[in-house]
Amino acid sequence: MATLQTIRTKAGLLIAIVIGISLAAFILGDLLQSGSSIFQRNQLEIGKINGESIQYPEFQKQVEELGEIYKQNTQQSQLDENSWVQVREQTWQNTVQKIVMGDVYKKLGIEITSDELFDMLQGANLHPIIQQLFRNPNTGQVDRGAVVNFLKQLETNVAPEQRAYWLYLENQIVEERTQSKYANMVGKGLFVTSAEAKESLASANKTINFDYIALNQSTVADSSVSVTDKDLKDYYNANKNTFKQEKIREIEYVTFTVNPSAADYKDAENWITEIKSDFENAASNVQFVNSNSDVNYDGTWYKKESLPENLATWIFDEGAPINSVFGPYFENESYTLAKLDSLAMMPDSVKARHILLKPNTQEELIAMQLLADSLKTVIEKGGNFASLAMQYSTDQGSAISGGDLGWFGRGQMVQPFEEAAFSNAKNEVRIVPSQFGIHIVQTTDRGKLTQQARVALLVRNVQPSTRTYQNTYSEASKFASTNTTAEKFNAAIAAEKLNKRVASVRENDRDIIGLENARVLIRAAYEADKGDILVTSQESPIFELGNNFVIAVLTKATDEGIATFEEARTRVELAVTKQKKADFLSKKAAAALEGKTDMEAIASQLNTSVRNATNINFNSFSIPGLGAEPAVVGTVASLDADKISKPITGNNGVYIVKVTSVSQGPGQGFETEQARLAQSLNFRAASQAFEAQRKKAEIVDKRSKFY
């Protein structure tokens, strides 16, 4: 139980989420019952997997549940949008795997019985997750009694979110064991023969040195080869599967960036200059900065070398008095005043230990504060800190070591905790609250003392004013209203010499480099037709993304599947041209080979030179000087010594090779190689088997319509 007490309790937030879900369900239910055409079942469908419809309300509920688990794992009370994107993606992947593999498991009769689950949770064969949670770090043994006690109290004596977390772990254990059974079953069907092992071992231990002549395709001009429409269509028809494409939208766009004007810079400079006298006379530097600055007071202690040169010189070389003010100075698009708040001899690092008390309710907070006072008194009177930490601390990571956190420097702990640990005298005990709870902190040792300064920085960022925003929007609005078609859009960009940018986006993408919150623009691209100017949900052609006003046009739309000949034409032309050049070079090389057995003579006729490669074997990924050329590696691995090959068509050119020496290393026995290959097959079995099932499944993803 103690292990799971590290899960952060957020009952108020959980209640709010439950209420929100219930309210949404009530509204949706009412509308559905009323027969509203807006919320027909197919319009709430977020996807379909092997014919099974995934409905948005149920999917979103799973997202919220996984989000709560994510918060507990990361000890956060709220998740940012990027985290929610990850949670939604994981929920979708879990749903796909559950449905796709669920059918497979059912057909094969793979399941986890209640007896198996009991055995993994508290029986003789504990699952690794349970072992990790309940292992005593001092003995290295699993505390089975702790497992049993926790499960007994699970229904009545733990917070709801702890129970939910435990059920999540149970599901993870069941899923992992089910996947393991399937992977083992697939793995048992894979076998490596002794012949395969012997061949693999011989190839790996065979080291080859060879001479080669390289004719690079880049040396052949495009005009030297002839490519007809028939050549292109024949190649396309013979290689259609290589021209599979994703569902992609390509947009072209211009940005009207809102940058501060000269007047905005002047306004910021005037503001910082006018407030300087008030800052100099402020009684509380912390309060003044937090009330007026664009950047809050951080309270960090700085050594001389950690400060910018101008402040370091002012404080440590010129001997600035406490509460004197430096500046204003301009850097990083802001005007700043620096006030010397404190100067003291401080340690570079400290060694400390703590007891963490974590209240879950307001009533518990009062009780925990009283407990903290009592523990502090006991410790100051000589009580055993380590024993108290093991008994009372909810930070199980340090409690097992008597609360000891070891040595740490600045910036490694949360601010209130750090301030207490570094301000304490040796062995002093202090109570300090943080977002994690109530800490009883004792500094047990202090590092080398150095003179350090704490500086209050009053920062005024230079921001675009309302007038500047309006002016920039007017420019964008004028452009949008005048250029309402793709033709006019491109003509205006050329005439006004604007910077046109291009982006290719997938349906579920969320980001476009250089644009904030670009999801709304991506969704608009998938709701438009080729050649359309994109519009927002309010039918405006102007997208406000961060400090940019964006106007975009959809220039290309491809659907998933095999590209048409015209869509693939450019790629086909490149491939056919490359093939023609290879044929040209192969004929040239074959002509040079006729009647010759000397590599130097062949190279001379081809106006090139002979080079060599050493220590190559069948498993070599690349050849020094040539790069990845598997056809060359395969040829030299099977070529007899002193034999000259026929022309070899590779990735980047045509080659002629001659093996100069071959050495066969001893290596281990083939049984060991056979076991290694079998292990490699088994390792790949699980993931590749799932991918094979996934590719076979019919998956329709409509998430982009909802997120």
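From a predicted model like this one, the values you see are computed outputs, not experimental measurements.
Atom CD of residue E507 and atom NZ of residue K702 lie 10.5 Å apart, to the nearest 0.5 angstrom. The distance from the CH2 atom of W92 to the CD atom of Q97 is 13.5 Å, given to the nearest 0.5 Å. Here the CD atom belonging to Q172 is positioned 14.0 Å from the CZ atom belonging to R177, to the nearest 0.5 angstrom. Between the CG atom in D222 and the CG atom in L574 there is a gap of 9.0 Å [rounded to 0.5 Å]. Taking CG of N652 as the start and CD of Q217 as the end, the distance is 7.0 Å to the nearest 0.5 Å. How far CZ of F210 is from OG1 of T614: 9.0 Å, rounded to the nearest 0.5 Å.
Residue R249 is tested with D529, D559, D532, D509 for a salt bridge (Lys or Arg N to Asp or Glu O under 4.0 Å); the sole match is D559.
At least one side-chain heavy atom of P624 sits less than 4.5 Å from a side-chain heavy atom of I616. Using a 4.5 Å heavy-atom threshold, the side chains of L232 and Y236 count as separate. Within the 4.5 Å cutoff, the side chain of T485 has no heavy atoms near those of the I533 side chain. Taking 4.5 Å as the limit, every side-chain heavy atom of I522 sits out of range of all side-chain heavy atoms of N508. The shortest side-chain heavy-atom distance between L66 and Q90 falls under the 4.5 Å cut-off. Contact check for K230 versus T228: side-chain heavy atoms found under the 4.5 Å cut-off. Two residues are said to be in side-chain contact when any heavy atoms from C-beta on lie closer than 4.5 Å; E111 and T178 fail this criterion. Counting heavy atoms from C-beta on, the side chains of F479 and E496 come closer than 4.5 Å.
Residue K578 places its NZ atom among more than 12 non-hydrogen atoms of other residues, nucleotides or ligands, all under 6.0 Å distant. The neighbour count for E698 CD, taken as heavy atoms of other residues, nucleotides or ligands under 6.0 Å away, does not exceed 12. For Q679, the CD atom is loosely surrounded, since the number of other residues' heavy atoms within 6.0 Å does not exceed 12. Environment of CZ in F618: sparse, with no more than 12 heavy atoms of neighbouring residues, nucleotides or ligands closer than 6.0 Å. Heavy atoms from other residues, nucleotides or ligands lying under 6.0 Å from NZ of K233 number 12 at most. The environment of CD1 in I513 is sparse: at most 12 heavy-atom neighbours from other residues, nucleotides or ligands sit within 6.0 Å. Within a 6.0 Å radius of CD in E199, other residues, nucleotides and ligands contribute 12 heavy atoms or fewer. Around the CD atom of E691, the shell of radius 6.0 Å holds more than 12 heavy atoms that belong to other residues, nucleotides or ligands.
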Before giving the answer on side chain to side chain donor-acceptor pair (under 3.5 Å), spell out for Y655 and E629 the whole-Å C-alpha distance, their side-chain angles and the decisive distance to 0.1 Å. CA-CA 10 Å; Y655 308 95; E629 290 291 359; 2.7 Å; yes

Run N209 and N612 through side chain to side chain donor-acceptor pair (under 3.5 Å) and show every step you take. CA-CA 7 Å; N209 299 329; N612 62 77; over 6 Å; no

With side chain to side chain donor-acceptor pair (under 3.5 Å) as the test, would you mind laying out the steps for Q60 and E64 before giving the verdict? CA-CA 6 Å; Q60 182 59 25; E64 296 286 354; 3.1 Å; yes

Apply the test salt bridge (charged side-chain N to carboxylate O under 4.0 Å, His left out) to residues D701 and R506: give CA-CA distance (whole Å), side-chain angles for both, the deciding distance (0.1 Å), then the verdict. CA-CA 12 Å; D701 185 354; R506 296 176 179 84; over 6 Å; no

Decide yes or no on salt bridge (charged side-chain N to carboxylate O under 4.0 Å, His left out) for E252 and R501, but give the supporting numbers first. CA-CA 6 Å; E252 295 179 352; R501 301 177 185 179; over 6 Å; no

Test E89 against Q93 for side chain to side chain donor-acceptor pair (under 3.5 Å), laying out the working first. CA-CA 6 Å; E89 178 63 24; Q93 296 302 334; 2.6 Å; yes

Applying salt bridge (charged side-chain N to carboxylate O under 4.0 Å, His left out) to E175 and K98, what does each step give before you reach the verdict? CA-CA 9 Å; E175 288 178 16; K98 182 178 179 181; over 6 Å; no

Check step by step if side chain to side chain contact (heavy atoms under 4.5 Å, CB included) holds for I602 and I644. CA-CA 11 Å; I602 298 168; I644 297 177; 4.2 Å; yes

Using the salt bridge (charged side-chain N to carboxylate O under 4.0 Å, His left out) rule, take E673 and R676 through it: C-alpha gap first, then chi angles, then the decisive distance, then the call. CA-CA 5 Å; E673 179 67 4; R676 186 189 71 80; 2.8 Å; yes

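Using modelled atom types and a 3.5 Å distance limit, the side chains of T468 and N471 yield no donor-acceptor pair. One side chain, K500 or N490, offers a donor N or O that lies under 3.5 Å from an acceptor on the other.
Between the side chain of S481 and the main chain of K478, a donor-acceptor pair closer than 3.5 Å is present. Not one N or O on the side chain of D231 forms a donor-acceptor pair closer than 3.5 Å with the backbone of V227. Under the 3.5 Å distance criterion, the side-chain polar atoms of N216 are left unmatched by any main-chain donor or acceptor of T219. A donor-acceptor contact shorter than 3.5 Å links the side chain of T74 to the backbone of Y70. Remark: the backbone N or O of T257 is not paired with any side-chain donor or acceptor of N547 at under 3.5 angstrom. At least one donor-acceptor pair under 3.5 Å links the side chain of K596 to the backbone N or O of A592. Formation of a donor-acceptor pair under 3.5 Å by the N617 side chain with backbone atoms of S620 is found in this model. Judged by distance alone, the side chain of E196 and the main-chain N or O of T193 form a donor-acceptor pair under 3.5 Å. In this structure, the side chain of K48 does not engage the main chain of I54 through any donor-acceptor pair within 3.5 Å. The closest donor-acceptor contact from the side chain of T95 to the backbone of T91 lies under 3.5 Å.
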Return all side-chain donor-acceptor pairs below 3.5 angstrom for residues 100-109, not counting sequence neighbours, or 'none' if the list is empty.
none

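Considering all non-hydrogen atoms of both residues, A525 and I251 come closest at CB-CG2, 3.9 Å. I213 and M599 make their closest contact through CD1-O, 3.6 Å (heavy atoms, listed as atom of the first residue, atom of the second, distance). P647 approaches I656 most closely through the heavy-atom pair CA-CG1, 4.5 Å. Of all heavy-atom pairs spanning S194 and Q674, the tightest one is N-NE2, 3.5 Å.
In this structure, F543 has its ring center no closer than 6.0 Å to that of F549.
Between F706 and Y56, the angle of the ring planes stays under 30°, which puts this pair in the parallel group of the 30/60° scheme.
Shown here are the side chain to side chain contact (heavy atoms under 4.5 Å, CB included) partners of E250, two or more places apart in sequence or in another chain: V502, S504, T555, K556.
The cationic atom of R88 (NZ for Lys, CZ for Arg) lies less than 6.0 Å from the six-membered ring centre of Y707 and within 45° of the ring axis.
Contacts classified as side chain to side chain donor-acceptor pair (under 3.5 Å) and involving residues 634-648 (residues at least two apart or in different chains) are not found.
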